[in-house]
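Below is one structure, written out as structure tokens; comments come after it.
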Amino acid sequence: MDVTQAQVDEAAEALRVQLGGREPTVGLVLGSGLTSGTLGLTDPEEIPMSSIPHLPRPTVEGHGSSWIAGKLADRAVLVAAGRVHRYEGVSLGRATFGVRVLAAVGCRYLVVTNAAGGIAESFRPGTLMRISDHLNFLGDSPLVGPHESSFGDRFVDMTHVYDPEWGERVERFANLKQIPLESGTYAACLGPQYETPAEIRFLRTVGADAVGMSTVPEVIVARQCGMRIFGLSLISNAAAGVTGEALSHDEVIEAGRAAAKPLAALIRGVVGITAELSSGG
Ligand code: HPA
């Protein structure tokens with residue numbers, strides 16, 4: 001792996017200085033078109049990504065260049081507003097560096113969100129899907145390369161990687177608040193081109209409900225770091241060939257904006273629930 005413990009320590013140290021005494025326990029990684037502004041953080045403080053050494057910066061439109069520390073649902077959170085993808089030419093070890101830093105400063109919980117193409121027939125743009133499992137079609141892993149033993153296991157267990165207790169509680173919360181919430185399997189493809197209709201038929205056959213180009217690497221690293229994980233996809237478009245319409249990045253960004261309200265309400269619940277999980281607040 002091209003990431004070392006020394007780099008993580010250095011980045012965590014710099015971040016702690018920026019945090020100035022805040023002690024976030026929940027990290028959030030926001031996907032395309034989802035902004036920290038819509039989450040309604042209280043007491044927000046912007047931390048430029050450039051102030052954290054070794055952290056790669058996103059190059060894609062719709063992904064921000066700062067982290068935001070603040071409070072959400074009475075929990076201290078740290079929001080990575082924007083992520084780096086493998087298709088940007090960055091190794092997955094490096095692309096997921098930020099997750100190691102979140103863990104190093106004390107985030108025991110990770111919420112990962114993304115915009116995704118809907119494969120399940122019933123999914124429409126705006127559908128929210130709790131990720132219950134994933135398929136890694138990136139052809140790569142952030143754990144490839146020499147093993148840094150202080151990072152955790154070399155052979156990371158991926159059973160129940162999306163925390164079942166957290167997921168069930170969120171389902172109940174969504175029901176109570178009447179926020180429509182589906183659940184399903186997320187497939188990660190390399191991109192950056194969208195899929196062909198044949199690829200989508202293949203993905204449907206092997207059990208995918210939604211498709212995107214992210215999230216899986218962060219989840220693998222978070223698992224190695226021992227974090228508890230909740231994943232959420234916003235269906236931004238019907239996947240290729242489902243409706244016959246062409247796909248565009250603008251449509252993906254716009255869907256994020258359009259779904260901001262229910263998404264923010266759900267994420268507030270997702271974060272608040274961490275205080276009730278069995279491992280204790
Ligand atoms: N495919 C891959 N990634 C995506 C899509 C899609 O249809 N929509 C948003 N991200």
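Counting starts at 1 for both ligands and their atoms, following the listed order.
The ring of Phe137 has its center closer than 6.0 angstrom to the ring center of Phe202.
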Atom pairs and distances, donor-acceptor, side-chain atoms in residues 119-128, under 3.5 Å, two or more places apart:
from	atom 1	to	atom 2	distance (Å)
Arg124	NH1	Glu121	O	3.0
Thr127	OG1	Arg124	N	3.0
Thr127	OG1	Arg124	O	2.9

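Between the side chains of Glu218 and Thr96, no donor-acceptor pair of N or O atoms lies under 3.5 Å. Using modelled atom types, one finds no donor on one side chain facing an acceptor on the other under 3.5 Å when comparing Arg57 with Ser50.
A salt bridge does not link Glu182 to Arg130: none of the charged side-chain nitrogens sits closer than 4.0 Å to a carboxylate oxygen.
Sorted by chain and number, the heavy-atom contacts of ligand 1 below 4.0 Å come from Ala115, Ala116, Gly117, Tyr194, Glu195, Val211, Gly212, Met213, Ser236, Asn237, Leu247, Val252.
Using a 4.5 Å heavy-atom threshold, the side chains of Ser183 and Glu171 count as touching.
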